[in-house]
Amino acid sequence: MKCKCAEKATIKKSINTVRLLSADGVQKAKSGHPGMPMGSADYAFTLWSKFLRFDPKRPAWLGRDRFVLSAGHGSMLLYSLLHLFGYDVSLDDLKQFRQLGSKTPGHPEYGHTTGVEVTTGPLASGLATAVGMAMGLKQFAARLGAPAGLFDQQKVYVMSGDGCLMEGTSHEACSLAGHQKLNNLILFYDDNQITIEGSTSLAFTEDVGARFAAYGWNVLRINGQCPKQIAAAITLANCCKDKPTIIIGKTTIGYGSPNLAGTSKIHGAPLGDEELAATKAALGFDPAQSFVVPEDVRAYCDGIVAEKQAAAAEWDAEFEAWKAGLDAEKAALLDALLNRTVPADLEAKLLAAVPEKDLASRASSGAMIQEVAKLVPSVVGGSADLAPSNNTYMKGFGDFTPEDRAGRNFHFGVRELAMGMMCNGLALTGAIPFSGTFMVFSDYMKPAIRLAAIMGLHQVYVFTHDSYAVGEDGATHEPIEQLAMFRSTPGVTVLRPAESHEVAQAWAYAVKDATGPVVLSLTRQSLANLPAEVVAKMDVKKGAYVVSSDEDFEILIIATGSEVGASLKAAGILRQEGRKVRVVSMPSQELFEKQSEEYKESVLPSACKKRVSVEAAATYGWRKYVRCGGLTIGLDRFGESAPAKVLEDKYGFTAEKIAEAIKAHFC
Ligand SMILES: Cc1ncc(C[n+]2csc(CCOP(=O)(O)OP(=O)(O)O)c2C)c(N)n1
Ligand SMILES: [Mg+2]
């Protein structure tokens with residue numbers, strides 16, 4: 001047993017090891033951010049060594065806490081900790097910081113480096129995602145009726161800097177976290193008063209503590225460079241029963257560097273050989289050596305890891321005992337939640353539940369959500385205050401509130417970006433989330449959707465009111481370029497179904513087959529159902545299929561969503577005039593691109609040169625299907641305020657206008 005003084009000295013040395021591993025990594029890479037890791041090493045090491053529950057050999061251990069480095073530029077801090085605490089990150093990996101294919105990329109990447117719980121880099125995204133994680137962990141435990149002592153000790157620890165707290169999404173997400181009384185969320189604010197351009201006095205002088213107190217948070221203020229105060233604050237935060245906690249730690253950026261500490265110069269540039277050597281000397285390390293982990297530090301950290309693993313094994317035993325006593329229903333729920341189980345016949349079940357009448361696709365989507373909620377326990381979700389319009393409310397499944405954590409409906413409030421980030425957090429803690437808003441306001445969610453795509457998070461976006469046909473609300477509410485934006489985002493699958501059966505198949509794909517984010521583009525206005533013979537051969541999963549075709553057709557119309565019905569009617573007009581036409585419904589370009597060349601050719605034969613695309617949105621991207629000389633019917637302008645029928649005629653989306661445009665172009 002070490003005496004307290006000796007342990008204190010080892011802790012100090014360990015913290016300095018984190019500082020110097022981080023500074024060495026940046027120095028060797030000749031790029032990166034040493035200041036934040038050096039300044040916040042005291043907090044991070046104290047948290048990891050004394051509080052964070054994890055098992056480095058089982059990074060996905062169910063009972064673990066979550067650590068989120070929202071200030072993702074400080075990635076060397078996380079990599080240094082992962083190394084010291086036994087994760088699969090070696091000293092050599094630290095030496096490969098920011099190099100091609102290394103385990104230590106510039107910013108932490110989920111799914112790439114073991115122990116990284118979420119991809120961060122865009123400031124505050126981690127913080128907002130962590131709010132979703134905190135909700136997800138609470139919901140999981142409550143739905144299973146887990147006893148006290150099992151999941152309720154699980155925490156989400158976040159580290160944010162000035163930048164994170166300036167960003168809008170931190171306001172949205174932390175406001176909701178306070179409202180939701182998420183006491184399992186503990187945020188450390190690395191209050192070093194420095195950002196890239198210099199002092200925060202340039203642009204950030206609000207009272208952060210007062211702000212968080214107003215959100216309903218527990219606010220603690222400490223010297224962020226003092227391990228004793230840090231440990232006391234985390235202990236207090238852990239005791240808080242009904243509030244998230246922010247620990248505001250005054251720190252010095254680049255702590256330990258004799259000449260650069262406290263300046264913006266150390267935020268995002270290597271210290272340089274001379275200053276790094278001076279820093280090592282000042283911290284009691286050999287200036288001539290790099291990437292050093294002193295033996296006593298190594299032994300100290302190994303000892304901590306052994307204790308953590310023993311604690312994890314104890315938790316496992318409790319978990320297994322609880323699991324063994326579960327009734328059949330709860331046991332099945334646990335299994336379904338852990339495996340995100342989806343019934344193999346989901347599509348058939350959804351098709352059987354399609355309402356037998358013409359509906360707006362947002363309405364048929366709403367009907368599908370009711371079925372999906374019953375059939376897929378992992379599905380949870382909500383809207384940014386538009387549930388009655390988006391039809392996203394799961395009836396009979398309760399609301400997630402401080403009083404009822406088992407509710408599956410979330411009220412995200414009018415906070416689109418935080419909703420997107422929080423859904424990433426829900427996905428990262430095991431759910432298949434969906435989130436709804438008007439298609440045009442998906443713009444507010446784009447950064448979250450991009451991160452979902454980068455991380456490959458399986459979730460569904462329910463974007464309704466998907467064209468000018470919103471009508472009276474005018475240009476600000478009529479999406480134009482959003483479909484092209486999502487189609488151009490790698491990893492996102494867009495589905496724009498034409499009617500209720502396509503909606504059923506789209507939902508089935510989105511929940512059962514998709515592995516990443518899926519955008520559903522749905523109408524406000526009613527759409528006619530396709531005839532039974534078309535429904536019988538419908539295949540949304542293939543991305544496109546033939547709806548109607550004459551033998552030896554000369555004109556090929558490719559339409560999506562609400563424009564499929566009008567295109568079919570336009571084909572009727574052309575046929576009356578003796579033209580031979582094929583109409584293809586293409587709910588998803590991405591899924592179509594995944595098909596074999598034979599299938600693609602069978603739907604869109606290259607011999608046909610008179611090709612038309614019809615979609616009430618920007619025509620950007622359609623040229624690849626209609627090719628040179630083809631016709632793109634779309635909307636390359638912003639809309640305006642008028643009844644939808646007036647706009648339909650003005651913008652040329654009636655059957656007559658589509659037929660006219662085709663004749664004018666080709667005949
Ligand atoms: C959304 C977003 N905007 C801008 C950046 C670029 N950026 C990286 S770090 C930083 C300053 C952050 O300041 P702070 O959080 O105080 O970090 P510190 O300088 O204390 O390390 C900026 C603007 C970013 N990563 N994300
Ligand atoms: Mg700062």
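Ligands are counted one by one from 1 in listed order, and the atoms in each one are counted from 1 as well. Worth knowing before you read on, the calculation uses all heavy atoms, side chains too, and leaves out hydrogens, waters and symmetry mates.
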Measure the distance from [atom] to every protein heavy atom, then report the residue, atom name and distance (to 0.1 Å) of the closest one.
atom: atom 18 (P) of ligand 1; answer: His267 ND1, 3.4 Å
atom: atom 1 (C) of ligand 1; answer: Glu167 OE2, 3.3 Å
atom: atom 20 (O) of ligand 1; answer: Asn192 ND2, 2.6 Å

Mark up the atoms of ligand 1 that fall under 4.0 Å of a heavy atom belonging to [X], in ascending order.
X: Ile196; answer: 7 (N), 10 (C), 11 (C), 22 (C), 23 (C)
X: Pro122; answer: 26 (N)
X: Thr195; answer: 13 (O), 16 (O), 19 (O)
X: Asp162; answer: 14 (P), 15 (O), 16 (O)
X: Gly161; answer: 15 (O)
X: Gly163; answer: 13 (O), 14 (P), 15 (O), 16 (O)
X: Ile253; answer: 18 (P), 19 (O), 20 (O), 21 (O)

Right, does atom 11 (C) of ligand 1 have protein non-hydrogen atoms nearer than 4.0 Å?
->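 Flag for atom 11 (C) of ligand 1 set to true, protein heavy atom closer than 4.0 Å.
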For [X] and [Y], test the side chains for any donor-to-acceptor distance below 3.5 angstrom and give the result as yes or no.
X: Glu590; Y: Thr493; value: no
X: Ser383; Y: Asn390; value: yes
X: Arg211; Y: Ser170; value: yes
X: Gln229; Y: Asn223; value: no

If we set the cut-off at 4.0 Å for heavy atoms, which region of His33 has an atom near ligand 1: side chain, backbone, both, or neither?
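Near ligand 1, His33 shows nothing, with every heavy atom at 4.0 Å or more.
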Please tell me if the side chains of [X] and [Y] come closer than 4.5 Å, counting only heavy atoms from C-beta onward.
X: Met421; Y: Pro447; result: yes
X: His458; Y: Thr515; result: no
X: Gln459; Y: Leu426; result: no

### Task
Determine which pairs satisfy salt bridge (Lys or Arg N to Asp or Glu O under 4.0 Å) with at least one residue from residues 475-488, sequence neighbours left out, and list them in order.
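Residue pairs with at least one partner in residues 475-488: Arg487-Glu615.
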(message) By the definition ring-ring contact (aromatic ring centres under 6.0 Å, His included), identify the one residue from Tyr87, Phe67, Tyr157 that meets it with Phe54.
(response)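 Going through the options one by one, the only one that passes is Tyr87.
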- Task: Under the side-chain contact (heavy atoms from CB on, under 4.5 Å) rule, what do Val460 and Leu520 come out as? Steps first, then yes or no, please.
- Result: CA-CA 7 Å; Val460 188; Leu520 297 182; 3.8 Å; yes
(message) Would Gly121 count as a contact residue for ligand 1, given that I'm defining contact as a non-hydrogen atom of the residue lying under 4.0 Å from a ligand atom?
(response)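 Right, Gly121 reaches ligand 1.
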With only distance considered, is His73 within less than 3.5 Å of ligand 1 through an N or O on each side?
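Looking only at distances, the answer is yes, because the N/O contact criterion of under 3.5 Å is met.
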TODO: Kindly assign one of parallel, tilted or perpendicular to the pair Trp217 and Phe212, based on the angle between their ring planes and the thresholds 30° and 60°.
DONE: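 Ring orientation, 0 to 90° scale: perpendicular.
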- prompt: Between Ile194, Leu123, Thr120, which one has a non-hydrogen atom sitting closest to atom 2 (C) of ligand 1?
  reply: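 Shortest heavy-atom distance from atom 2 (C) of ligand 1: Leu123.
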**Prompt:** Using a distance threshold of 2.8 Å, what protein N/O/S atoms lie below it relative to the Mg ion (ligand 2)?
**Reply:**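 Listed by chain and number, the nearby protein N, O or S atoms are Asp162 OD2, Asn192 OD1, Ile194 O.
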*Can you check whether His411 and Phe400 have ring centres sitting under 6.0 Å from each other?*
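No, ring centres 6.0 Å or more apart.
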query = Is the ring centre of Phe463 less than 6.0 Å from the ring centre of Phe486?
reply =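 Yes: the rings meet the under 6.0 Å criterion.
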